[in-house]
Every structure is written in C-alpha cells, then in structure tokens.
There are 2 protein chains.
Amino acid sequence: MPSASAGTTRRTARRTGTKGVPRADREEQILDAALRELGRVGFAATSVAAVAERAGISKPLVYNYFGSKEGLYGACVDHAGDLLGDEIERIAGLGAVGIERGMLTLEGMAEVLDSRPYLWRVLFDPSAPTEGPAADAVRRATARIERIAEEGVTEMLTLAGDPDPVDHAVMTRVWLGIVDTVMRWWADHPEEPAVEVSRRARRIVGALFVDASGTLER
Amino acid sequence: MPSASAGTTRRTARRTGTKGVPRADREEQILDAALRELGRVGFAATSVAAVAERAGISKPLVYNYFGSKEGLYGACVDHAGDLLGDEIERIAGLGAVGIERGMLTLEGMAEVLDSRPYLWRVLFDPSAPTEGPAADAVRRATARIERIAEEGVTEMLTLAGDPDPVDHAVMTRVWLGIVDTVMRWWADHPEEPAVEVSRRARRIVGALFVDASGTLER
DNA sequence: CTCCGATATGACTGCGCGGTAAGTTACCAG
DNA sequence: CTGGTAACTTACCGCGCAGTCATATCGGAG
C-alpha cells in the first residue's frame with residue numbers, strides 16, 4: 001500500500017483511486033464508524049457525511065458499500081442485533097428462572113456492551129425508520145430480544161397471579177424500558193466500568209423486584 | 001368575521017390578510033397543533049410547515065407568533081411542563097409514601113394526560129435541542145418532575161437499605177423510564193381509557209414492588 | 001507494457017427545511 | 001373617507017442533506 005496515499009490527511013484533497021483496502025475490511029471500518037455515530041445521536045441526526053468522515057473515507061464510498069443511509073442503518077442493526085440477541089439467548093439457555101434470569105441478562109448485556117454501550121441505542125432508537133427494509137431489520141432484531149424478555153415476564157407475572165396477556169405485553173415493555181434506561185444512563189457515564197454497572201443494576205432491580213417465592217437475597 | 005374567508009379550503013390559495021382571530025386565540029390553536037405534532041414524531045421530525053398546516057394557517061404566521069421552531073417548542077414545553085408539574089406536585093402534597101405515592105402519581109398523570117397522551121413525549125424527547133432557551137425550558141420542566149420522583153425514590157431505596165446517591169439517581173431515571181414506557185405504550189394504544197391504564201399500571205407495578213414493610217395488597 | 005477489475009474521489013443535483021421580505025386584508029377611530 | 005394597526009399570505013432564499021456521475025488510481029495477470 002502506497003504510504004504517500006496513506007499519509008494524506010482528510011483536510012486536504014485526497015487523490016482519487018484505490019487505497020488497497022479490501023472490501024471486507026473497509027465494510028467493517030464503515031460499520032464501526034456508523035455504529036458509533038448512530039449510537040451517539042440516533043438515526044435521524046446521523047448524516048452519511050459524518051459517518052464517512054469518521055471512517056476516513058469519502059461519502060460516495062459509503063453509498064457504494066451500503067447503497068443508502070437506510071441500507072447502512074440496516075446493516076448496523078443486523079450487526080448489533082446479532083451480538084445482543086446471541087448473548088440474551090445464551091443466558092436464557094442457562095436455565096435461570098424469575099428475577100435471577102433478569103439479573104443474569106442485565107449482567108450479560110453489560111459485558112457484551114462494555115466499551116461500546118452505544119450499541120443499545122442503535123436498536124432502540126425512536127428516530128429510526130418505521131417502514132422499509134431497515135425497519136424490518138429493527139423488528140427482527142428487537143423481536144428476538146422481546147421474545148426472551150416476554151418469556152421471563154410471562155413466567156413472573158403468572159406466578160404473581162396475573163394472567164392478563166396485555167399486562168404481560170406492557171410489562172415486557174416496562175422491563176425493556178428499565179434496561180433501556182440503565183443503558184442510556186451508562187452512555188451518559190462512560191467512566192463506569194461494566195462490572196460496576198452490573199452491580200448497580202442488581203441493587204436497583206433488586207429494590208424493584210421480589211420473586212414470587214419471597215424476598216431476594218441482597 | 002367574513003364567512004367567505006372562513007370557507008376557503010387550505011388546498012387552494014388563500015386570500016392574504018387578517019382572518020380576525022385574536023392573537024391569544026391563534027396562539028392557542030398553534031400551540032395545540034404543535035403539541036400534537038411534537039408528541040407524534042418528536043422535535044427533530046416536526047416541521048414548522050406541518051404544524052402550520054395542522055393549525056390551518058401559513059408557516060410565516062407561526063414564526064410571527066413564536067419567532068422560531070425552537071421558540072415554538074419552548075412554548076410547548078412550558079405548557080406541557082406546567083400541566084404535568086402541577087399535577088405531580090399536587091399528588092406529592094397528599095402525603096402518601098412509598099409505592100402508594102408512586103401509584104397515585106401514575107394515576108394522576110393518566111388523568112391529566114387522558115385524551116392527550118402525546119404531552120409526555122413533548123417533554124421527554126431524545127431528539128430535542130440540547131442547548132439554547134428551548135433546552136433550558138426542557139430542563140426546568142423535567143427537573144420539576146425529577147425532583148418529586150427523586151424524593152420518592154430516595155425514601156424507598158433508603159428504607160430498603162441502599163444509601164448510595166448514584167443508585168438513587170439511576171433509580172430515579174429508571175422510575176421515569178417506567179413511566180415513559182407506560183406512556184409510550186398508551187400512545188400506541190389510544191383506545192385504552194385512562195382509568196384502564198391506571199388499573200393496568202397498578203397491577204404491573206404491584207407485581208414489581210413491595211414496600212419496605214411487606215407485600216402490597218392487590 | 002497493457003488491460004481489467006476493484007477500490008476510490010471531487011463535483012454536482014434536487015429537495016426539503018428553517019426562515020425572511022414584500023405585499024394584502026379587515027376593522028376601527030377620527 | 002383616510003390612516004393606522006393587527007392579523008395574514010405568497011413567493012423566495014440559503015443551507016444541508018441524501019444521493020449520483022464522471023473520472024482517477026492501484027495492483028495483478030497476461
């Protein structure tokens with residue numbers, strides 16, 4: 001790779017032409033830049049130009065790789081959704097029940113999101129498109145997370161004597177809202193290590209929840 | 001007021017000139033239109049043109065009355081913040097403690113927001129300006145609500161044996177997140193009457209909380 | 001050396017937005 | 001009737017954005 005090209009700073013005109021970065025590597029760079037920008041300011045306030053600048057490339061190259069702003073966002077959603085969905089399903093597979101399962105989920109997510117708490121906002125973003133392929137990607141990714149949350153919630157509310165499915169649906173959203181709030185607080189306090197976020201979340205959720213069989217040990 | 005002007009539809013060119021609507025009345029109309037649009041899609045996705053169309057007037061008239069998009073938003077925030085803040089402080093003054101106070105708050109808010117659940121989103125909007133007079137208005141309005149929430153939360157966590165002020169701050173945000181989630185669920189289900197929202201919230205929160213002295217009656 | 005494919009850029013376009021300027025209308029007082 | 005004020009509109013502007021096009025560069029194969 002020609003070091004003369006590599007040394008060219010973005011503030012001056014760059015020579016056109018390949019920099020010799022393989023497509024897969026470049027895609028990854030663009031995705032990383034996009035995830036950070038989307039997680040920082042949300043979809044609507046993210047400009048493709050800002051992502052390009054973050055990635056150190058030209059804007060048309062982003063379009064070359066991802067087709068459109070929505071295409072870029074959809075790829076980011078798929079990426080973040082896989083990470084979070086895999087982790088949450090792994091934890092569900094551990095067999096914990098009740099609030100302990102919820103706590104393990106929070107801890108697992110804190111671990112996955114350590115050093116990149118912004119990923120959460122990519123998935124749960126009120127300014128995201130509500131129609132089209134990107135919106136479909138969001139629905140797929142969040143549905144995966146919601147399904148697991150709903151299992152846990154349904155179990156807990158049923159044990160607590162509430163069989164109403166609408167209550168269960170609202171409670172699922174409340175639980176996800178709690179997770180969302182903790183993640184947003186974390187994004188505002190990036191100095192807090194994941195392990196401390198986990199502990200704090202355990203204390204707070206512990207103050208909220210009692211499993212059906214009695215008071216949580218604290 | 002000339003009925004010929006009043007009958008002119010917005011789809012054709014309207015005669016210029018006054019329609020004889022007093023300033024205070026017109027301000028209220030514009031505010032109502034803006035609150036609905038802001039509550040529907042948030043600040044960033046709200047265009048002044050859409051508000052003007054909703055209010056049945058021309059866009060420059062909105063600027064004439066409110067100065068700028070931010071000026072309009074600030075007025076909406078003051079309006080919604082007064083309604084919600086007054087109600088929350090009234091309920092705090094009733095002297096209920098612990099989770100019962102939280103429940104009364106949820107119920108009071110459901111009542112105030114009945115028929116206009118969108119007001120919540122005007123105040124708690126991630127796409128809102130973070131600097132300038134409008135942002136100051138948001139901070140004033142939400143600080144009022146957070147102060148009351150923090151009192152309740154501090155009491156509850158302290159009774160539960162957790163004196164950590166950071167835990168209290170996060171828990172305040174979690175509580176407001178829970179309220180936010182219920183309000184957003186309600187905005188998605190406008191057919192649900194306020195009294196049913198209150199009952200449901202009581203059931204759900206009841207499944208979460210136990211006051212420091214024991215299990216809630218349900 | 002030439003050609004080709006893959007990787008890249010600068011320059012440009014059309015559109016929607018926030019906002020502005022110039023002109024209009026209705027009503028009331030003198 | 002005239003002038004002034006308050007309430008209005010149409011037409012326009014500059015800017016930033018998503019997206020496009022024409023051209024450039026590099027490296028490898030033949």
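We name chains A, B, ... by the order of the sequence lines, and we start the count at 1 in each one. What you see is a predicted model; the values in this text were computed from it and never measured. Below, each value reflects all heavy atoms present in this structure, side chains not excepted, and no hydrogens, waters or symmetry copies.
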Atom-pair distance ([atom1] on [X]; [atom2] on [N]), nearest Å:
X: B:Glu53; N: C:dG18; atom1: CD; atom2: P; result: 14 Å
X: A:Glu27; N: C:dA8; atom1: CD; atom2: C1'; result: 15 Å
X: B:Glu37; N: C:dG18; atom1: CD; atom2: P; result: 11 Å
X: B:Lys19; N: C:dT25; atom1: NZ; atom2: C1'; result: 8 Å
X: B:Arg23; N: D:dT5; atom1: CZ; atom2: C1'; result: 13 Å

- Item | Within residues 68-77 of chain B, residues whose heavy atoms come under 4.0 Å of DNA chain C |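 Those residues whose heavy atoms fall under 4.0 Å from DNA chain C, taken from residues 68-77 of chain B in numerical order, are B:Ser68, B:Lys69, B:Glu70.
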- Task: Go through residues 58-67 of chain B and report each residue with a non-hydrogen atom lying under 4.0 Å from DNA chain D, sorted by number.
- Result: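 When residues 58-67 of chain B is checked for heavy atoms under 4.0 Å from DNA chain D, the hits, listed by number, are B:Ser58, B:Pro60, B:Leu61, B:Tyr65.
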- Message: Minimum heavy-atom separation for A:Gly39 and A:Arg121, please, with both atom names.
- Response: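 That closest heavy-atom pairing would be O-CD, 3.3 Å.
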- Which atom names give the shortest non-hydrogen contact between B:Phe43 and B:Leu38, and what distance separates them?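 Minimum heavy-atom separation between B:Phe43 and B:Leu38: CA-CD2, 3.7 Å.
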- Residues, nucleotides or ligands: over 12 heavy atoms within 6.0 Å of A:Glu27 CD: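 Yes - once you tally the heavy atoms of other residues, nucleotides and ligands closer than 6.0 Å, there are more than 12.
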- Query: What do you reckon, is CD of B:Glu196 surrounded by more than 12 foreign heavy atoms closer than 6.0 Å?
  - Reply: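 Yes, because the 6.0 Å sphere around CD of B:Glu196 holds more than 12 heavy atoms from other groups.
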- Report the distance from atom CZ of A:Arg116 to atom CG of A:Leu35, rounding to the nearest 0.5 Å.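 Result: 9.0 Å between the selected atoms.
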- Query: With respect to B:Arg173, which candidate in A:Ile178, A:Val182, A:Thr181, A:Ile204 satisfies the side chain to side chain contact (heavy atoms under 4.5 Å, CB included) definition?
  - Reply: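 Exactly one pass, corresponding to A:Thr181.
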- Query: Looking at five pairs on each end of the helix from C:dC1-D:dG30 to C:dG30-D:dC1, what is the angle between the two axes, given to 10 degrees?
  - Reply: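 Between the axes fitted at each end of the helix from C:dC1-D:dG30 to C:dG30-D:dC1 lies an angle of 30°.
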- Task: Could you say whether B:Ser47 or A:Ala24 is positioned toward the 5' end of DNA chain C, judged by the nucleotide with the nearest heavy atom to each?
- Result: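 Final value for this comparison: A:Ala24.
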